[in-house]
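Chain letters run A, B, ... following the sequence lines, proteins first, then strands; residues in each count from 1.
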2 protein chains.
Amino acid sequence: MKNGPDIAALASLIGDPARANILAALMGGKALTAGECAAEAGISAPAASGHLAKLLGAGLLVVLVQGRHRYFNLAGPDVAEAVETLMGLAARVGLRRTRPGPREVAMRKARFCYDHLAGDAATALFARLVDRGMLVAQADGLGLSPSGRLRFLAEGIDIAALEARPRALCRACLDWSERRPHLAGSLGAAIARLAIERGWCRREAASRAVHFSPDGERALLALADSATDETRDPDRQGADRSNNPARRA
Amino acid sequence: MKNGPDIAALASLIGDPARANILAALMGGKALTAGECAAEAGISAPAASGHLAKLLGAGLLVVLVQGRHRYFNLAGPDVAEAVETLMGLAARVGLRRTRPGPREVAMRKARFCYDHLAGDAATALFARLVDRGMLVAQADGLGLSPSGRLRFLAEGIDIAALEARPRALCRACLDWSERRPHLAGSLGAAIARLAIERGWCRREAASRAVHFSPDGERALLALADSATDETRDPDRQGADRSNNPARRA
DNA sequence: GCAATGCTTCATTCTTCGCCGAAACATCAG
DNA sequence: CTGATGTTTCGGCGAAGAATGAAGCATTGC
């Protein structure tokens, strides 16, 4: 096997504990300065600087220079996806860093996966969107049906603008904690922004974890209610909690 | 970030060139002896033995002892998926092991991805299955529509038996060369077995690459033709052989 | 301008980890 | 039983690379 991409160089890059910690911290989707990365990884500033330079050189990170600060972020959704996949496999083969604590319980419920939502709430939304026929399979992956398009337009999301970007509109991202898909892609990112802007949830300080209010969670799931239902009868959101579409295969 | 799975230990395990080569070789889906792994990775037998022990201990590999031979294989589809994801990211950020040669061209056309087909031909089949409405989105990922179910039953694939297994029936696996999805899951594996058994393609000796005959490629894509079109063809004897539940080679 | 902050570069030390050869162990053929 | 083959264990060598501390560059605020 001397063909194919150099998986070893990539994995070796991620394989250093310090660099893995940095990547995990950046999975929250927020850009961090070099110093913050150092603190997050528990290493000195010079060490962090070296690691960041390597990750940057490999194209896994991008940097935004602002004055004397350098803000680092993941280079793109595909990097986040690879990290999330590795987390899923690591969890499955039983490689944990600590035993599951209260922090992890919150993360399983809802968290950021780079720029979109993951966890129990996000997989529930995905399931509902599919059940209502808003999310459908397409030749190149996943797509929005006309009704789904209408629904998100009604919510003020400019679908056409999202489609104009090179990034895919919808993608199924396998949740490492739930082992079911949640919605990624530019639409998934737009939904996450929506949830934050409307106060459905609040982010933990320096963590991927996200806390939804009961109303916020209902509002999130109500995104899967058809546009006509939504405008006609807003109270219907509460009743919908009963028919949970999550069915284990 | 002191929570979550230990991604560093996993990536560091994959990050060694020798181990990465072993994993890449096993992506062909065929079990290899320790000696074959050593040759594949270009290292001595003792070195390979050590690496295999580590991969085995981490749960990434399984071993089947037969006499004085020990046959190693990937532990499951999720390991293969993680490796494929890493390959995709490595290819995208420009980490290649060699410049694209003739061997790689063949691999882009069609290859094995653990136990199912990948490459240009497989992504084309996926797109057709979706276009014809046989493959649809489901709450837990991807599923077979009634028409799709009928179609593969007509081909002699025992869908009910596949669904009884813990493994998902259909999964979209992102192709690292095409950057479009191909069909994984137990159905994807069944289709790959079908293609081999009916002689639509032949495997290269010690490679993931697969060569389709022109007729074979047509036959593969014809899996996406509706069942009524297909049943006109009386030449259907080989169908029963595909019921073989034996999974390991 | 001066000091402080954020970050990087450099040179050094040190640990880690993979490789190899030799030998031991297990299995199969005769 | 004996020799041959496949595989693992052990000891020593060597190199890749990660952390450290000091120093150098930039930017910000007084």
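Heavy atoms only, all atoms of each residue included: A/Arg179 and A/Leu174 are closest at C-CD1, 3.8 Å. Of all heavy-atom pairs between A/Glu178 and A/Gly119, the closest is CG-C, 3.9 Å. Residues A/Leu26 and A/Phe72 approach most closely at CD2-O, 3.4 Å, considering heavy atoms.
Side-chain proximity of B/Arg70 to the nucleotides C/dT8, D/dT8, D/dA19 is greatest for D/dT8. With D/dG6, C/dT9, D/dA18 as the candidates, the nucleotide lying closest to the side chain of A/Ser49 is C/dT9. Listed nucleotides: C/dT8, D/dG17, D/dT8. Nearest to the side chain of B/Ala45: D/dT8.
In this structure, B/Leu13 atom CG and C/dT16 atom P are separated by 17 Å, rounded to whole Å. The distance between atom CG of B/Asp16 and atom P of D/dA15, rounded to the nearest whole Å, is 17 Å. Atom CG in A/Leu64 sits about 15 Å away from atom C1' in C/dC7, given to the nearest Å. The distance from atom NE2 of B/His69 to atom P of C/dA29 is 9 Å, rounded to the nearest whole Å. In this structure, A/Glu36 places its CD atom 10 Å from P of C/dG6, rounding to the nearest Å. The distance between atom CD1 of A/Ile43 and atom C1' of C/dT15, rounded to the nearest whole Å, is 17 Å. At whole-Å resolution of the value, CG in A/Leu52 and P in C/dG6 are 16 Å apart.
Here B/Ala18 lies in heavy-atom contact (under 4.0 Å) with sugar-phosphate atoms only. Residue A/Ala34 is in sugar-phosphate contact alone, with no base atom involved, counting any heavy-atom pair closer than 4.0 Å across all strands shown.
Inspection of the A/Ser177 and A/Arg111 side chains reveals an N or O donor paired with an N or O acceptor under 3.5 Å.
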- Task: Spell out protein contact along nucleotides 21-30 of chain D as letters: B when the base is contacted, S when just the sugar-phosphate is, - when no protein heavy atom is under 4.0 Å; keep the 5' to 3' order.
- Result: BB----BS--

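Within the 4.0 Å cut-off from OP1 or OP2 of D/dA19, not a single side-chain nitrogen or oxygen of A/Ser44 is found. Contact annotation: B/His51 reaches the phosphate of C/dC19 (side-chain N/O to OP1 or OP2, under 4.0 Å). OP1 and OP2 of C/dC17 both lie 4.0 Å or more from every side-chain N or O belonging to B/Lys54.
By the 4.5 Å heavy-atom criterion applied to side chains, B/Ile191 and B/His116 are not counted as neighbours. Residues B/Leu13 and B/Arg19 have side chains in contact (heavy-atom distance under 4.5 Å, counting atoms from C-beta outward).
At least one test fails for B/Arg180 against the ring of B/Phe126: distance under 6.0 Å to the centre or angle within 45° of the axis.
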